[in-house]
Amino acid sequence: MAVDMTQKPILVVKDLNVHYDTGKGPAKAVNDVSFSLRPGERLGLIGESGSGKTTMATALMRLTRAPGRIVSGSVELDGQDLLKLSDKDLREVRLRDIALMPQGAMSSLNPVMRLEEQMIDAIVAHVPNLKRPELDARVQQLLKQVGLEPEVARRYPHELSGGMKQRAAMAIATSLSPKVIVADEPTSALDVVVQRQVMQTLGRLQDGLGAAVVLIGHDMGLIAQFADTVGVMYAGKIVEIGPVRQMIEAPKHPYTKLLVESLPGIEVKQALVGIPGLPPPLVNLPTGCSFNPRCPFAFDRCRSETPQLQEVVPSQFAACHLYPDHKELPPLPARATRELHA
Amino acid sequence: MSKEIVRYIATRFGQLLVVVFVAVSVNFIIPRLLPGDPVQTALARLQTSGGAANVDIQAVSAAYRARYGLDAPVWQQYINYWGDLLTLDLGVSFANFPEKVSTMIGNALPWSVTLLAVATLIAFSVGSLLGARLAWPTAGRGIKSLVPFLMVLTSIPFYLLAIILIYFFAVVLKWFPPAGGVDTTRIMRLDWATTYDILEHAFLPCMAIVLGNVGFWALGMRSQMVNVLGEDYITFAEAKGLHPRRIFVWYGMRNALLAQVTALALSLGSVVSGAVLVEVIFNYPGLGSLLYVAIRGQDYFVIQGVVLMLIVSLAVLLFIVDLLYPLLDPRIRR
């Protein structure tokens, strides 16, 4: 579905900060993140492990748990700040307006309840007056939508395969036609074939509902295929965000460039390349740009001043001091990527 | 009932029969491993201690020889033993000759079973609920301050607790009678006065068992619940917008209880043996007191009968727990 760019955004995240309290001080897992999402838009968020993706996903639904803590910012869903809602209102908004497709679908279903019980649980929490036959019909319809057989309703989670569990979680997530679906690495535990099927089902359902999707993951290929817009996270910040094609063909942030370069191609056999160095510890971020210790272009300003997102080319934003002095990202120096010897 | 459930029950029942068979056989073999004639030895000991001075020793001895055919070959005795058991004949008491052991056990059993069942049920449910509450993130300071108290309770042995309870509630405050199962002058009838009397006498022994166990269940449940609350299905349940109470009971406790029931099955033995001591201290007319008096009086067949009874009832309890498992955890229905 084409996104109507004239529509008002459905989800607006502003200056979101989530910290984990540790003995050494707060770990800034989500650091001043802002983005917005229009109805029907598919936003992919990519990042390495520990870049704050999952923390961000849980914070969007205010599911953050101790030692995690949402420090500041706002998450406005249809004009309503989720971070300011009462617990009761928040419960009503969850699933009805913003739904989670969990990371570990394998372990996201209650092992001692039949699938239909868990689906009905979710529906009844929001629409309390439905009769059992109506609920059963609804369950059947939802299962059909995600490509599961009707008899699956009577099964327990341990009687389902990984792909079936993920579909079941998807059926629950879409049961009340939410406006926004937060999909946190929904397919990371599945093999590529099932992965593709599940993503296709998600895409089809989302089109039907007109819901916006935040897809979080580390698989650049998968996200590039699914998303309209891609955001790249590094050390708790979005360092670059823009339309998917532009992001892959002409990345503006050095980190995005290195990520794209490190994608292995299947036709040409070449040495695996990675990005030298490791992500910084979130408790003790480098001053200036968090990426400066690993950046091949880093200069003095990068080590002292934190770059803000700026529009480098229309609708593509990057947080990098190379701009606006440069028009394009300069070619990478020869040794910027490193061969990984297996 | 599906076919697999029937098979499950059949398997577990088979296991119960095996346990009972082995218990009965061991109970038969052990006395016969001792050198000499157990009847003679026991009677001789009674005679020297003068404990049975006005009992006709020869008559007792003859009764046992005739009854158990102790001159017969061992296999014959074993078969006779089974025959006696199946007709509920456990022999007669030395100390209270000629009262039958089966009658004595029959009189004591209801007291023990009721006391133990009620006390364990209360301790288990209160402890589990308390433990689950302790693990829940919104647990207040008030409930959290119970933890050290619970730890102290678990580390105090049953019988010490019983003595403390008797001292405060029976001796100092005089709220409850200090001992016995019912007022000695009471004529047992099915009326309110009798029921009240029984409950009044049962309260302190019951409290001793409950207090002695509740900490164990609460602390066990707390650690189980902490684990369960870290599971993805709890986060997903929250994301579904469920009410916290529903998550607490059906997603949290429901899963944490699985390990609790396993612990219940494993600890039944110690619960039963602990209750024996409590009965002795409160002079409660149950199996525990019967066993204690029998041991002190070297009332051989009573000891054998009570021990057999305890083993069999433990086996039956484990069987019941086994039957509860598949109701609680669908993954066990194989």
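Remember, it's a predicted structure, so these values are computed and weren't measured experimentally. Sequence lines set the chain letters: A, B, ... in the order given, protein chains first and strands last, and positions in each chain run from 1.
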If you compare all heavy atoms of Pro244(B) against all heavy atoms of Arg91(A), which two are closest, and at what distance to 0.1 Å? CD-NH1, 3.4 Å
Say whether, by atom type as modelled, one donor and one acceptor occur between the side chain of Asp121(A) and the main chain of Leu242(B) under 3.5 angstrom. no
Contact part of Leu229(B) toward chain A, heavy-atom cut-off under 4.5 Å: side chain, backbone, both or neither? backbone
Is chain B contacted by the side chain of Ala122(A), its backbone, both, or neither, given a heavy-atom distance below 4.5 Å? both
Note: Ser108(A) and Phe236(B) closest approach over all heavy atoms is O-CD2, 3.2 Å
Ile234(B) versus chain A, the contacting section by heavy-atom distance below 4.5 Å: both
Without swapping roles, check the side chain of Lys240(B) against the backbone of Gln118(A) for a donor-acceptor pair under 3.5 Å. yes
Applying salt bridge (Lys or Arg N to Asp or Glu O under 4.0 Å) to Arg331(B) and Glu159(A), what does each step give before you reach the verdict? CA-CA 9 Å; Arg331(B) 286 165 293 188; Glu159(A) 297 167 330; over 6 Å; no
Evaluate the criterion side-chain contact (heavy atoms from CB on, under 4.5 Å) for residue pair Arg65(A) and Glu238(B); output intermediate values, then yes/no. CA-CA 11 Å; Arg65(A) 281 205 210 153; Glu238(B) 277 186 75; 3.7 Å; yes
If you round to the nearest 0.5 Å, how far is CG of Asp329(B) from NE2 of His158(A)? 8.0 Å
Which one of Leu109(A), Asn110(A), Leu90(A) has the most heavy-atom pairs closer than 4.5 Å to chain B? Asn110(A)
On a heavy-atom basis, the closest approach of Pro111(A) and Pro330(B) is O-CG, 3.5 Å
Please walk me through it: do Tyr251(B) and Val112(A) pass side-chain contact (heavy atoms from CB on, under 4.5 Å)? CA-CA 8 Å; Tyr251(B) 290 74; Val112(A) 297; over 6 Å; no
Residue Ala66(A) versus chain B: region with a heavy atom under 4.5 Å: neither
Whatever's closer than 4.5 Å to a heavy atom in chain B on Leu100(A) counts as both
Tightest non-hydrogen contact, residues Ala125(A) and Gly241(B), listed as CB-O, 3.9 Å
With chain B, which of Lys88(A), Arg62(A), Arg94(A) has the greatest number of heavy-atom pairs at distances under 4.5 Å? Arg94(A)
Do the side-chain N and O atoms of Ser107(A) and Asp232(B) include a donor-acceptor pair separated by under 3.5 angstrom? yes
